[in-house]
Engineer: 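Got a structure for you, written out below as structure tokens; questions coming shortly.
Each chain gets a letter, A, B and so on, in the order the sequences are listed, and its residues count up from 1.
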Amino acid sequence: MTAFAPELLAWYRQNKRSLPWRDHPDPYAVWISEIMLQQTRVDTVIPYFERWMAKFPTVEVLARADEQAVLNLWEGLGYYSRARNLHRAAKLLVEEHDAQLPEDTKNLMKLPGIGRYTAAAISSMAFGHDAAALDGNIRRVYARIFNVEEALGTTQAEKIFWSLAEDYLPKGDAGDYNQALMDLGATICMPRNPLCESCPISQDCEAYQLDIQDMRPVPKVKKAVPHHVHTAAVIVEDGRVLLAQRPSKGLLGGMWEFPNGRVDGDPAEGLADVIDKGFKLNVEIMNLLVEVRHAYTHFKVTEYVFRCKLIRSSQKVNLRWVSLDELDDYPMGKIDRQIARKLSSPPENEES
DNA sequence: TACCCGTGGAC
DNA sequence: TGTCCAAGGGT
């Protein structure tokens with residue numbers, strides 16, 4: 001049935017990447033790595049994984065940790081709901097499951113942050129169960145092997161991919177098989193310029209036989225990325241700076257930032273709009289900067305503009321004066337951390 | 001279902 | 001500099 005599974009598994013056992021969470025029997029480590037790896041590259045994850053396991057080595061330690069400490073360790077990885085969900089799930093496990101991860105996909109998926117892919121990955125890799133996993137790599141590999149013409153993301157394509165994953169899963173080798181497909185996708189069957197000459201299963205690959213690898217998978221149509229300008233206030237007084245905590249859900253949930261508001265028109269003209277979100281500002285005295293937010297993803301500071309002073313704030317926003325040498329204790333997104341670092345370190349001569 | 005959610009590397 | 005996109009999940 002599985003024409004290519006033996007070749008794939010043989011290739012994997014010879015060529016598998018050496019990764020910190022591999023060849024460890026600890027389901028907790030597998031869980032942490034899988035969450036970190038969601039939409040995130042291996043090279044980016046490795047240092048975070050090492051720091052995490054040193055600081056939160058077990059489910060119990062994680063459950064007892066402070067959420068701000070968890071977010072602090074996650075800072076820079078992105079998709080911060082993953083960290084909040086890990087923390088919540090750890091508490092749930094301690095309270096209701098004797099701090100043990102479930103072995104089956106159904107119960108794994110009851111935990112926050114674990115969906116169909118992650119449940120299958122944990123069940124197969126950590127517990128050796130026959131669970132079919134499907135991620136971006138595996139979709140691409142199957143799309144090429146079987147010349148799937150449906151566009152990624154469509155309901156029909158999802159049906160096809162999950163059926164392929166289920167049908168071709170070799171019983172007893174699910175963990176290695178899933179990882180083999182992912183390693184193949186990451187090192188051989190890459191999105192662009194795949195190394196088909198080095199592929200152990202190119203003879204089974206329809207797209208390769210047709211020489212249309214570049215056309216598979218068929219990409220999904222993407223929406224244009226929204227673009228907003230925010231004006232943020234950097235208010236320093238007596239060696240302290242004013243920070244605001246973001247709401248616990250949504251973009252950068254629970255993290256800290258410099259008070260800011262969206263500016264619709266000219267950033268300079270629109271400074272008063274910082275008053276949005278409950279901030280009252282006197283535009284005469286304070287340090288302001290303009291920040292460009294590309295969608296919810298890429299952030300960039302464009303210029304420092306004004307000086308003004310905080311007059312009052314609403315009760316709805318959690319504000320705190322923080323001394324400059326304590327800024328590292330407050331989890332922030334990329335852009336606010338850049339600003340914070342400039343505050344706590346003396347300015348260099350014309351940095352590039 | 002479509003949209004929201006970060007960041008950095010490759011090209 | 002712009003574009004793509006990477007071991008997805010939640011809503």
Engineer: Please check if the distance between the ring centroids of A/Y168 and A/F146 is under 6.0 Å.
Structural biologist: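 Ring-ring flag for A/Y168/A/F146: true, centres closer than 6.0 Å.
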
Engineer: Measure the distance from CG on A/L77 to C1' on C/dG8 and round it to the nearest whole Å.
Structural biologist: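 Computing the A/L77:CG to C/dG8:C1' distance gives 14 Å.
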
Engineer: Strictly below 4.0 Å: does A/Y80 bring a side-chain N or O up to OP1 or OP2 of B/dT7?
Structural biologist: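 For A/Y80, the contact criterion (side-chain N or O under 4.0 Å from OP1 or OP2 of B/dT7) is met.
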
Engineer: Considering heavy-atom distances to DNA chain C, does A/P191 or A/Q38 have its closest nucleotide positioned more toward the 5' end?
Structural biologist: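 So the residue in question is A/P191.
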
Engineer: Between A/E75 (side chain) and A/M332 (backbone), is there a donor-acceptor pair under 3.5 Å?
Structural biologist: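 The answer is yes, because a donor-acceptor pair under 3.5 Å joins these two groups.
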
Engineer: What is the ring orientation for A/Y330 with A/W256, classed by angle as parallel under 30°, tilted 30 to 60°, or perpendicular over 60°?
Structural biologist: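 A/Y330 vs A/W256 ring planes: perpendicular.
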
Engineer: When the nearest nucleotide of DNA chain C is assigned to A/M109 and to A/S33 on a heavy-atom basis, which residue is associated with the more 5' position?
Structural biologist: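 It is A/S33 whose nearest nucleotide is closer to the 5' end.
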
Engineer: Check the distance between C/dA6's P and A/M182's CE and give it to me in whole angstrom.
Structural biologist: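 It is 14 Å, rounded to the nearest whole Å.
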
Engineer: Is the distance from OP1 or OP2 of C/dA6 to the nearest side-chain N or O of A/R140 less than 4.0 Å?
Structural biologist: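 Answer is yes, contact under 4.0 Å.
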
Engineer: Regarding A/P219, tell me which of base, sugar-phosphate or nothing describes its non-hydrogen contacts under 4.0 Å with the strands shown.
Structural biologist: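 Nothing, no heavy atom under 4.0 Å.
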
Engineer: Main chain of A/E103, side chain of A/S123: is a donor-acceptor contact present, judged purely on distance under 3.5 Å?
Structural biologist: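 Answer holds: yes.
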
Engineer: Within the side chain of A/R140, is there an N or O that forms a donor-acceptor pair under 3.5 Å with the backbone of A/P217?
Structural biologist: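 Not a single qualifying donor-acceptor pair exists.
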
Engineer: Would you mind classifying the nucleic acid contact of A/W74 as base, sugar-phosphate or nothing, using non-hydrogen atoms under 4.0 angstrom?
Structural biologist: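 Here A/W74 touches no strand at all.
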
Engineer: Measure from the side chain of A/Y79, starting at C-beta and using heavy atoms only, and say which of C/dC4, B/dG8, B/dC5 lies closest.
Structural biologist: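 In terms of side-chain proximity for A/Y79, the closest of C/dC4, B/dG8, B/dC5 is B/dC5.
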
Engineer: Nearest-nucleotide wise, let me know which of A/T44 and A/N193 is further upstream toward the 5' end of DNA chain B.
Structural biologist: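 Nearest nucleotide further toward 5': that of A/T44.
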
Engineer: What is the distance, to the nearest angstrom, from the CZ atom on A/R82 to the C1' atom on B/dG6?
Structural biologist: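 Spelled out: CZ on A/R82 to C1' on B/dG6 is 8 Å.
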
Engineer: Considering only side-chain heavy atoms of A/L252, which listed nucleotide, B/dT7, C/dG10, C/dC5, is closest?
Structural biologist: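 The answer is B/dT7, which lies nearest to the side chain.
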
Engineer: So, does A/R82 use its side chain to make a donor-acceptor pair with the main chain of A/L77 at under 3.5 Å?
Structural biologist: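 It does hold such a pair.
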
Engineer: Rounded to whole Å, how long is the line connecting atom CG of A/D214 with atom P of C/dC5?
Structural biologist: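 Interatomic distance, CG of A/D214 to P of C/dC5: 12 Å.
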
Engineer: Any base atoms under 4.0 Å from A/T118, or only sugar-phosphate, or nothing? Heavy atoms, all strands.
Structural biologist: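 Since only primed, P, OP1 and OP2 atoms lie under 4.0 Å of A/T118, the category is sugar-phosphate.
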
Engineer: Between A/G153 and A/G250, which has a closest nucleotide on DNA chain B that is more 5'?
Structural biologist: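 Residue closer to the 5' terminus by nearest nucleotide: A/G153.
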
Engineer: What's the CZ-P distance between A/R84 and C/dT11, to the nearest Å?
Structural biologist: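 Roughly 10 Å, once rounded to whole Å.
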
Engineer: Which part of the nucleic acid, if any, lies within contact of A/I35, taking any heavy atom under 4.0 Å across all strands shown: a base, the sugar-phosphate backbone alone, or nothing?
Structural biologist: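 If one applies the 4.0 Å heavy-atom cut-off, A/I35 turns out to touch nothing in the nucleic acid.
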
Engineer: Over all strands shown, is A/G253 touching base, sugar-phosphate only, or nothing at heavy-atom distances under 4.0 angstrom?
Structural biologist: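 Counting heavy atoms under 4.0 Å across all strands, no contact is made by A/G253.
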
Engineer: Measure CG/A/N85 against P/B/dC5 and give the value in whole Å, please.
Structural biologist: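 After rounding, the reported distance stands at 15 Å.
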
Engineer: Quick one: A/L251 CG to C/dT11 C1', roughly how many Å, whole number?
Structural biologist: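 A/L251 atom CG is separated from C/dT11 atom C1' by 16 Å.
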
Engineer: Take the protein atom CG of A/L37 and the nucleotide atom P of C/dG9, then report the distance between them rounded to whole Å.
Structural biologist: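 Roughly 12 Å, once rounded to whole Å.
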
Engineer: Using a 4.0 Å heavy-atom cut-off across all strands, classify A/L19 as base, sugar-phosphate, or nothing.
Structural biologist: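 Contact class for A/L19: base.
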
Engineer: Nearest to the side chain of A/T40, which nucleotide is it out of B/dG6, C/dG8, C/dC5?
Structural biologist: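 Comparing B/dG6, C/dG8, C/dC5 against the side chain of A/T40, the answer is B/dG6.
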
Engineer: Would you classify A/G185 as touching base, sugar-phosphate or nothing, given that sugar-phosphate means primed atoms plus P, OP1 and OP2, and contacts are heavy atoms under 4.0 Å?
Structural biologist: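 Here A/G185 touches no strand at all.
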
Engineer: Using the P atom as the reference point in each nucleotide, state the distance between B/dG8 and C/dG9 in Å, no decimals.
Structural biologist: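 After rounding to an integer number of Å, I get 23 Å for this pair.
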
